[in-house]
Amino acid sequence: MNLIEPFKTEIDFATGVLSPQRVIMQRRLSDMSVMYADRNAAARIQSEEGDRLIYEVQGVELPEEEGQIPHCTTRILPGRIGDEYHMTKGHYHARREQGEVYFGLSGRGYLLLQTDGGETSEIEMVAGSAAYVPPYWAHRTVNIGDEDFVFFSVWEARAGHDYGTIERDGFRKLVVLRDGQPAVVDNPVYG
Ligand code: S6P
Ligand code: ZN
């Protein structure tokens, strides 16, 4: 076990920016265009406006060993691809038995969850919402507002990330604009 000096990070709730600056990871439309249901809309946006920034993660880097507790912010920009709101890729933890906590900092979003067994759940999050991602639940976040949706995540270092299952099957539920409102609907091409 590495002995790490205690430290703190200041968080700007509106943007998710960390000070001092930590590791920044960006996901653009080209990183996930096949994850959106309306691939024509994704291709149109790509050719008309270029490679749109969808979300950004800023986090502290810690060794992936037992007891370390990584934490980060995620900022999802507002917008849609066709009818579908901007979202994260989503993942299971590689160690399925590891859970996680999300805390809303600003904006409005949905936390979509699902299990291998077919259960689904959706939790609306605003600033101040503490949402629990229990073990075994895949999780994806979606910005349903007109501003950035920003939240803070805390998990166990050995959880790891399984992106492949969601890249292959997608999520059972989509969050789309219907009659001027965000609506959670079945994904017609799941699996
Ligand atoms: C990590 C945690 C979050 C996400 C982040 C981006 O376990 O769930 O920090 O990594 O919100 O989402 P994704 O699906 O691209 O990792
Ligand atoms: Zn996670």
Side-chain angles (χ1 to χ4, degrees), residues 9 11-13 15-18 22-36 51-79 81 84-116 120-127 129-145 148-175 187:
T9 310
I11 302 174
D12 183 311
F13 285 13
T15 61
V17 169
L18 304 186
R22 307 290 186 185
V23 177
I24 300 176
M25 196 268 304
Q26 294 189 323
R27 291 273 186 230
R28 295 186 175 274
L29 183 54
S30 62
D31 297 317
M32 55 185 308
S33 56
V34 295
M35 296 184 134
Y36 288 96
D51 203 7
R52 185 189 281 187
L53 179 63
I54 307 287
Y55 65 102
E56 190 167 68
V57 179
Q58 305 201 12
V60 298
E61 260 199 340
L62 291 169
E64 287 191 11
E65 60 186 27
E66 184 175 4
Q68 301 288 358
I69 302 179
H71 44 286
C72 72
T73 58
T74 303
R75 171 175 79 108
I76 309 176
L77 283 73
I81 308 298
E84 199 175 4
Y85 289 91
H86 284 180
M87 62 190 182
T88 57
K89 286 182 140 192
H91 58 269
Y92 285 92
H93 289 155
R95 291 182 181 234
R96 296 281 204 276
E97 69 277 17
Q98 297 282 0
E100 182 162 5
V101 173
Y102 278 13
F103 186 74
L105 301 180
S106 62
R108 264 178 85 210
Y110 267 116
L111 168 60
L112 295 181
L113 303 110
Q114 68 184 34
T115 66
D116 281 332
T120 63
S121 170
E122 61 263 356
I123 294 176
E124 191 167 348
M125 289 183 67
V126 294
S129 304
Y132 182 47
V133 177
Y136 303 104
W137 289 81
H139 38 291
R140 163 181 281 169
T141 40
V142 183
N143 185 344
I144 57 167
D148 290 347
F149 170 48
V150 184
F151 61 93
F152 183 67
S153 318
V154 184
W155 67 100
E156 211 268 1
R158 290 176 315 158
H161 293 89
D162 164 15
Y163 289 103
T165 305
I166 301 300
E167 279 167 1
R168 189 190 64 217
D169 296 339
F171 252 74
R172 288 175 184 273
K173 299 285 181 180
L174 308 178
V175 185
N187 179 357

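Both ligands and their constituent atoms are indexed starting at 1 by order of listing. When reading the values below, keep in mind they use all heavy atoms of this one structure, side chains included, and skip hydrogens, waters and symmetry mates.
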Ligand-protein N/O pairs under 3.5 Å (ligand 1):
from     : atom 1 : to   : atom 2 : distance (Å)
ligand 1 : 7 (O)  : H91  : NE2    : 3.3
ligand 1 : 7 (O)  : H93  : NE2    : 3.3
ligand 1 : 7 (O)  : E100 : OE1    : 2.9
ligand 1 : 7 (O)  : E100 : OE2    : 3.2
ligand 1 : 7 (O)  : H161 : NE2    : 2.9
ligand 1 : 8 (O)  : H91  : NE2    : 3.1
ligand 1 : 8 (O)  : E100 : OE1    : 3.0
ligand 1 : 8 (O)  : E100 : OE2    : 3.0
ligand 1 : 8 (O)  : Y102 : OH     : 2.6
ligand 1 : 8 (O)  : H139 : NE2    : 3.4
ligand 1 : 9 (O)  : S153 : OG     : 3.4
ligand 1 : 11 (O) : T74  : OG1    : 2.8
ligand 1 : 14 (O) : G90  : N      : 2.8
ligand 1 : 14 (O) : H91  : ND1    : 3.0
ligand 1 : 15 (O) : Y55  : OH     : 2.5
ligand 1 : 16 (O) : H91  : ND1    : 3.2
ligand 1 : 16 (O) : Y163 : OH     : 2.5

Are the side chain of Q114 and the backbone N or O of R172 linked by a donor-acceptor pair below 3.5 Å?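 It does hold such a pair.
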In the structure I gave you, are the side-chain heavy atoms of [X] and [Y] within less than 4.5 Å of one another anywhere?
| X | Y | result |
| --- | --- | --- |
| I76 | M87 | no |
| D116 | Y92 | yes |
| E156 | E66 | yes |

Once you round to the nearest 0.5 Å, how far does OH of Y55 lie from CZ of F149?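 These two atoms lie 13.5 Å from each other.
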For D31, which residues count as a side-chain hydrogen bond (donor to acceptor under 3.5 Å, both in side chains) partner, sequence neighbours excluded?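 For D31 there are no side-chain hydrogen bond (donor to acceptor under 3.5 Å, both in side chains) partners, ignoring immediate neighbours.
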Can you name the residues that form a side-chain hydrogen bond (donor to acceptor under 3.5 Å, both in side chains) with R22, not counting sequence neighbours?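 Once residues adjacent in sequence are excluded, the partners of R22 under the side-chain hydrogen bond (donor to acceptor under 3.5 Å, both in side chains) criterion are T9.
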Between H91 and H139, does any side-chain donor sit less than 3.5 Å from a side-chain acceptor?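 A donor-acceptor contact under 3.5 Å links the two side chains.
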So, at under 2.8 Å, which protein N, O or S atoms would a careful student list around the Zn ion (ligand 2)?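 Only H91 NE2, H93 NE2, E100 OE1, H139 NE2 fall inside 2.8 Å of the Zn ion (ligand 2).
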Near E61 CD, under 6.0 Å, is it more than 12 heavy atoms from other residues, nucleotides or ligands?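 Count not over threshold, so no.
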